[in-house]
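Below: the structure, in structure tokens.
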Amino acid sequence: MQVPAVFNIQKYSIHDGDGIRTTIFFKGCPLHCAWCHNPESQNPNPELLWMEEKCTGCGECVNACRQTAVSRTELGKILFDRGKCTACGECTEWCLANARETAGKIYTVEELVEEAEKDSMFYEQSGGGVTLSGGEVMTAKPFSYVTELAQRLCERGTSVYIDTSGCVEWARFAAVLPYTDTFLYDIKAMNPQKHRQYIGADNQLILENLRRLSDAGARIYLRLPLVHGINDSEEDIDAIIQFLKTGIHTAQINLLPYHNTGKSKYDRLGRVYDPQGLFQVPAKEQLEMIAGRFRQNGFANVKIGG
Ligand code: SF4
Ligand code: SF4
């Protein structure tokens with residue numbers, strides 16, 4: 001049976017909800033945020049990352065690869081043909097320079113529960129727990145895997161947060177709602193045209209699901225990834241505020257300033273990042289201004305950061 005691939009299990013995380021948390025990142029996402037800092041999360045299938053700058057040219061991967069995805073030129077240069085790579089991971093076992101790495105590992109639900117429960121003492125002491133993230137965990141296939149994982153953790157008394165873009169059918173939210181303490185819910189842009197341009201999808205379903213979650217009494221931390229010049233203008237922020245004022249209940253609003261720490265991952269995946277140099281980090285003053293705007297409109301619990 002197909003199960004979702006996990007590309008990272010982040011221990012001692014303090015940016016993915018309250019307290020000390022273990023964040024489990026699943027591969028696969030219905031969106032394509034132009035500034036995504038986890039590009040290895042977008043494809044649901046395992047992928048190979050090649051850190052060419054670490055490569056010593058030893059050629060072990062050429063011998064290891066049964067798909068002939070790696071070759072060496074007469075001048076000794078290593079070439080990698082992604083089209084042939086099945087991400088089997090064989091070459092990573094032979095690369096002593098750690099220049100090759102697979103993103104995407106398969107776990108059973110039981111294995112993830114066991115891994116997460118190793119840190120239950122920290123969760124208890126800090127008010128933390130487990131955050132299911134991605135990519136988009138809500139699109140994982142089969143979804144019964146995610147529901148079972150959330151249910152098992154919940155039954156053990158572990159707090160479960162779900163970090164989501166909201167771009168999935170409502171039935172999935174209904175399925176995990178009983179086992180989820182808090183949803184970390186993103187709004188990237190209210191303007192539908194801007195949303196399609198930078199996020200690669202319409203935002204109607206996202207906004208509808210947010211309203212339904214709110215109406216269902218879910219605890220919601222709204223997260224706003226802010227990219228200067230793209231979605232941090234007064235107009236952008238006021239549109240979000242006006243939407244929230246139509247009866248959306250949020251326990252917290254997190255302003256998440258853009259950063260470009262994921263840039264090197266694009267190189268490792270053979271992809272190009274921000275070719276037009278559009279994305280900029282919002283200034284501290286801009287973030288303070290945005291936080292102030294929310295507070296003036298009655299949203300007291302606004303934080304800069306996760
Ligand atoms: S095994 Fe690693 S270091 Fe050697 S050629 Fe392949 S990528 Fe480079
Ligand atoms: S991951 Fe597998 S298929 Fe891809 S280059 Fe390495 S050995 Fe070849």
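All ligand and atom numbering here is 1-based and tracks the order in the structure. Heads up: numbering here begins at 1 and tracks the sequence.
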CA sep, side-chain torsions, deciding dist, call: Y179, I162, side-chain contact (heavy atoms from CB on, under 4.5 Å): CA-CA 10 Å; Y179 316 116; I162 288 187; over 6 Å; no
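Ligand 1 places these atoms under 4.0 Å from at least one heavy atom of G59: 4 (Fe), 5 (S). Interface atoms of ligand 1 facing T56, defined by a heavy-atom separation under 4.0 Å, are 3 (S), 8 (Fe). Those atoms of ligand 1 with a heavy atom of W50 less than 4.0 angstrom away are 7 (S). Counting atoms of ligand 2 from 1 in the listed order, those under 4.0 Å from a heavy atom of Q67 are 3 (S).
Between atom 7 (S) of ligand 2 and the options C91, C95, G89, A87, the minimum heavy-atom separation is to C91. When the options G76, A97, C61 are ranked by their closest heavy atom to atom 6 (Fe) of ligand 1, first place goes to C61.
Looking only at distances, a side-chain donor or acceptor of S120 sits under 3.5 Å from a matching main-chain atom of E117. For the pair D81 (side chain) and A69 (backbone), a donor-acceptor distance under 3.5 Å is absent.
C58 lies close to atom 4 (Fe) of ligand 1, since one of its N, O or S atoms is found at a distance under 2.8 Å.
Using a non-hydrogen distance threshold of 4.0 Å, R100 registers as a contact of ligand 2.
The nearest heavy-atom contact from the protein to atom 2 (Fe) of ligand 2 is C88 SG, 2.3 Å. Of all protein heavy atoms, the one closest to atom 3 (S) of ligand 2 is T86 N, 3.4 Å. Ranking protein heavy atoms by distance to atom 4 (Fe) of ligand 2, first place goes to C85 SG, 2.4 Å.
Proximity of I78 to ligand 1, defined as any heavy-atom pair under 4.0 Å, is confined to the side chain (atoms from C-beta onward).
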